[in-house]
Amino acid sequence: MTTILLTGGAGFIGSNLVRMIAGQGGYRIVVFDALTYAGNIENLDGVIDGSSVVFVHGSINNAELVHATMEQYDVDVVMHLAAESHVDRSIVSAAPFIETNVTGTLVLLEAARTFGVRRFLHVSTDEVYGTLGPDDAPFSEQSPLDPTSPYAASKASSDLLVMSFVRTHGIDAVITRCSNNYGPYQFPEKFIPLMTLNAIEQRPLPVYGDGRQVRDWLHVDDHCRGLLLALEKGGTGEVYNLGGFGERTNIDVAHEILRHTDGHHSLIEHVTDRKAHDRRYAINATKAQTTLGWVPTWSFDDGLKATVEWYQQHRSWCDHVRSGEYRSFYQQHYHRTL
Ligand code: NAD
Ligand code: DAU
């Protein structure tokens with residue numbers, strides 16, 4: 001049986017991916033996660049069984065532990081999702097992004113090379129391409145790297161490190177670059193869960209600037225299927241863009257969430273814009289469609305409705321993850337009542 005070392009498996013995308021792979025069978029999964037504010041072991045409730053899914057608590061920056069884990073479980077492949085992932089936090093403080101996203105990725109690459117893993121799947125983002133104007137063609141894999149935020153710069157750096165290990169050391173790595181995900185277990189500092197909870201709780205929905213920025217929304221299940229296909233069928237040293245064909249302005253999504261929650265549209269509050277806010281992301285996913293056979297199945301309308309229902313039904317999870325560090329970070333830096 002193939003053993004996957006899956007970093008960041010207690011986070012949003014990682015926990016959905018672990019659930020999907022465990023449900024399908026055929027792999028042993030070693031979840032490796034530092035459990036930062038964004039990682040919750042509860043996201044894996046009912047999945048960790050100590051044999052086909054095991055959990056190792058630790059940081060990818062701990063080279064000794066990474067090596068020991070690869071040896072102990074005789075790891076075949078790495079799916080690397082662990083990251084600091086929130087743009088706003090990277091604007092407040094970039095150092096943790098360099099530490100985890102760049103140095104941590106380097107630690108994993110060195111371990112993968114030394115141990116001789118068969119394949120390294122690096123989960124990246126469309127933000128490495130920068131921003132688009134309203135009439136620009138969507139990002140393709142050939143688009144130049146032009147990151148805006150410290151988060152995006154850290155992800156672009158990690159992509160370049162991965163490519164350098166393919167070229168220099170001959171490791172077998174594949175990179176995916178995905179658009180904005182949404183779905184269950186997304187930490188409620190990101191746009192869709194934040195707006196949903198505020199709408200449910202009848203608190204203001206803080207829309208940055210004019211709210212006309214565009215994101216291309218992809219359901220997390222579709223992303224996870226794309227990651228498995230890239231792991232199984234992707235070419236060495238290849239990059240695959242994954243997008244949802246779901247371009248929407250933020251203000252339209254906020255209104256849609258208010259419709260699903262019977263919230264009053266006057267709850268929308270335009271607040272100070274994000275610094276250097278990328279105006280539009282859009283993805284050309286033709287390569288993944290034609291070479292991996294990947295097609296997203298969720299429509300944004302159905303996916304958003306199901307996601308809002310999930311948050312309505314999981315209020316205690318929301319209260320749990322919104323306590324502590326999360327609350328104090330936003331009060332200190334954004335002066336928001338949460
Ligand atoms: P997330 O913030 O929800 O989860 C990140 C996970 O990584 C958490 O469980 C956290 O505990 C863990 N982690 C952080 N630092 C760590 C460290 N040093 N060692 C071990 N674990 C650590 O993130 P997400 O939204 O699930 O994103 C997962 C990956 O997908 C990231 O690499 C991100 O850049 C990428 N991505 C996300 C999106 C999106 O829309 N969410 C889109 C494209 C790409
Ligand atoms: O495109 C992929 C990226 O998508 C991932 O790499 C990142 O990890 C992920 O966080 C996401 O980045 P964004 O910055 O696009 O996502 P976020 O949910 O933070 O914001 C989405 C849009 O909503 C963006 O235009 C900013 C806006 N926004 C966000 C927040 C948190 C608001 O208007 N108000 C808010 O309070």
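Atoms within each ligand, like the ligands themselves, are counted from 1 in listed order.
Judged purely by distance below 3.5 Å, without hydrogens or angles, the side chains of D252 and T249 pair a donor atom with an acceptor atom. Counting only N and O atoms by type, the side chains of N43 and W317 include a donor and acceptor under 3.5 Å apart. For the residue pair S124 / H122, no side-chain donor-acceptor distance below 3.5 Å is found, with atom types taken as modelled. Checking H67 against T114 by side-chain atom types alone, no donor-acceptor pair falls below 3.5 Å. Using modelled atom types, one finds no donor on one side chain facing an acceptor on the other under 3.5 Å when comparing S158 with N101.
A salt bridge between R315 and E201 is present, with a side-chain N of the basic residue lying under 4.0 Å from a carboxylate O of the acidic one. One finds a salt bridge joining R274 and D88 here, because a Lys/Arg side-chain nitrogen approaches an Asp/Glu carboxylate oxygen to under 4.0 Å. Using a 4.0 Å cut-off between a side-chain N of Lys or Arg and a carboxylate O of Asp or Glu, D302 and K305 do not qualify as a salt bridge. Using a 4.0 Å cut-off between charged nitrogen and carboxylate oxygen, D301 and R248 count as a salt-bridge pair. Between R280 and E127, no side-chain nitrogen of the basic residue sits less than 4.0 Å from a carboxylate oxygen of the acidic one, so the salt-bridge criterion is not met.
Counting the atoms of ligand 2 from 1 in the order shown, those under 4.0 Å from a heavy atom of H86 are 19 (O). Each of the atoms 28 (C), 29 (C), 31 (C), 32 (O) of ligand 1 lies under 4.0 Å from some heavy atom of L81. Annotation for ligand 1: atoms under 4.0 Å from non-hydrogen atoms of N61 are 18 (N). Atom numbering of ligand 2 starts at 1 in the shown order; those under 4.0 Å from a heavy atom of T125 are 1 (O), 2 (C), 3 (C), 5 (C), 6 (O). Atom numbering of ligand 1 starts at 1 in the shown order; those under 4.0 Å from a heavy atom of Y151 are 33 (C), 34 (O). For ligand 2 and Y151, the ligand atoms under 4.0 Å from any heavy atom of the residue are 5 (C), 6 (O), 7 (C), 8 (O). Taking a cut-off of under 4.0 Å to the non-hydrogen atoms of Y281, the atoms of ligand 2 that pass are 1 (O), 15 (O). Each of the following atoms of ligand 1 lies closer than 4.0 Å to a heavy atom of V123: 30 (O), 32 (O). Per-residue contacts place G58 under 4.0 angstrom from the following atoms of ligand 1 (heavy atoms of the residue considered): 19 (N), 20 (C). Atoms of ligand 2 found under 4.0 Å from any heavy atom of N250, numbered from 1 in the order shown, are 22 (C), 23 (O), 24 (C), 25 (O), 27 (C). Near R215, meaning under 4.0 Å from any of its heavy atoms, are these atoms of ligand 2: 15 (O), 24 (C), 25 (O). For ligand 1, the atoms sitting less than 4.0 Å from at least one non-hydrogen atom of L35 are 11 (O), numbered in the order shown with element in parentheses. Listed by number with element, the atoms of ligand 2 under 4.0 angstrom from any heavy atom of V207 are 33 (O). Of all atoms in ligand 1, numbered sequentially from 1 with element shown, those under 4.0 Å from a heavy atom of S179 are 42 (C), 43 (C). Within ligand 1, the atoms closer than 4.0 Å to a non-hydrogen atom of G39 are 8 (C), 9 (O), 11 (O), numbered from 1 in the order shown.
An N or O contact shorter than 3.5 Å is missing between C178 and ligand 1 by distance. Polar contact check, F12 against ligand 1: a nitrogen or oxygen pair lies under 3.5 Å apart. For ligand 1, the polar-atom distance check against S85 finds a nitrogen or oxygen pair separated by under 3.5 Å. Taking distance alone, with nitrogen or oxygen atoms compared against 3.5 Å, E84 stays at or beyond that limit from ligand 1. Of the N or O atoms in N180, none lie within a sub-3.5 Å distance of an N or O in ligand 1. For ligand 1, the polar-atom distance check finds an N/O of K155 within less than 3.5 Å of one of the ligand's N/O atoms. Between M195 and ligand 2, a contact under 3.5 Å exists for no N or O pair. Geometrically, ligand 2 and D88 share no nitrogen or oxygen pair separated by less than 3.5 Å. Below 3.5 Å of separation, one finds an N or O of S85 facing an N or O of ligand 2. Where the criterion is an N or O separation shorter than 3.5 Å, residue side chain and backbone included, E127 meets it with respect to ligand 2. When only interatomic distances are considered, the shortest N/O to N/O separation between V87 and ligand 2 does not fall below 3.5 Å.
By heavy-atom distance, the residue among S158, G11, A38, A34 lying nearest atom 20 (C) of ligand 1 is A34. With D126, I13, V123 as candidates, the residue nearest to atom 2 (C) of ligand 2 on a non-hydrogen basis is D126. The option with the heavy atom closest to atom 36 (O) of ligand 2, from among D216, L194, I283, is L194. Comparing heavy-atom distances from atom 18 (N) of ligand 1 across L17, T100, N16 singles out T100 as nearest. Relative to atom 14 (C) of ligand 1, the option among A83, A82, G8 with the closest non-hydrogen atom is A83.
The structure places CZ of F12 at 9.5 Å from OG of S85, a figure rounded to the nearest 0.5 Å.
Residue E238 is tested with R177, R119, K287, K233 for a salt bridge (Lys or Arg N to Asp or Glu O under 4.0 Å); the sole match is K287.
With a 4.0 Å heavy-atom cut-off, ligand 2 is reached by the backbone of K190 and by its side chain too. Both the backbone and the side chain of N180 come within 4.0 Å of ligand 2, judged by heavy-atom distances. At a heavy-atom distance under 4.0 Å, only backbone atoms of E189 (N, CA, C or O) approach ligand 2.
Ligand 2 lies less than 4.0 angstrom from a heavy atom belonging to H277. Residue contacts with ligand 1: A10 is included, with a non-hydrogen atom under 4.0 Å away. For the ligand labelled ligand 1, residue S124 lies inside the 4.0 Å heavy-atom shell.
Here the side chain of H314 pairs a donor or acceptor atom with the backbone of W310 at under 3.5 angstrom. Side chain of N284 to main chain of P138: no donor-acceptor pair is present (N/O by atom type, distance under 3.5 Å, no hydrogens or angles). A donor-acceptor pair under 3.5 Å is absent between the side-chain atoms of T3 and the main chain of V75, judged by distance alone.
Linking Ile, Leu, Val, Met, Phe, Trp and Tyr residues whenever their side-chain heavy atoms come within less than 4.5 Å places I13 and V31 in a single cluster.
Residue pairs meeting the salt bridge (Lys or Arg N to Asp or Glu O under 4.0 Å) criterion with at least one partner in residues 105-114, sequence neighbours excluded, are E110-R113.
A centroid separation of 6.0 Å or more is found between the aromatic rings of W294 and Y240.
For atom 37 (C) of ligand 1, the closest heavy atom belonging to the protein is I13 CD1, 3.4 Å.
Annotation: Q313, atom CD; neighbour count of heavy atoms from other residues, nucleotides and ligands within 6.0 Å is above 12.
The shortest distance between side-chain heavy atoms of H270 and I251 falls below 4.5 Å.
A cation-pi geometry, defined here as NZ or CZ lying under 6.0 Å from the six-membered ring centre and within 45° of its normal, holds between R89 and Y37.
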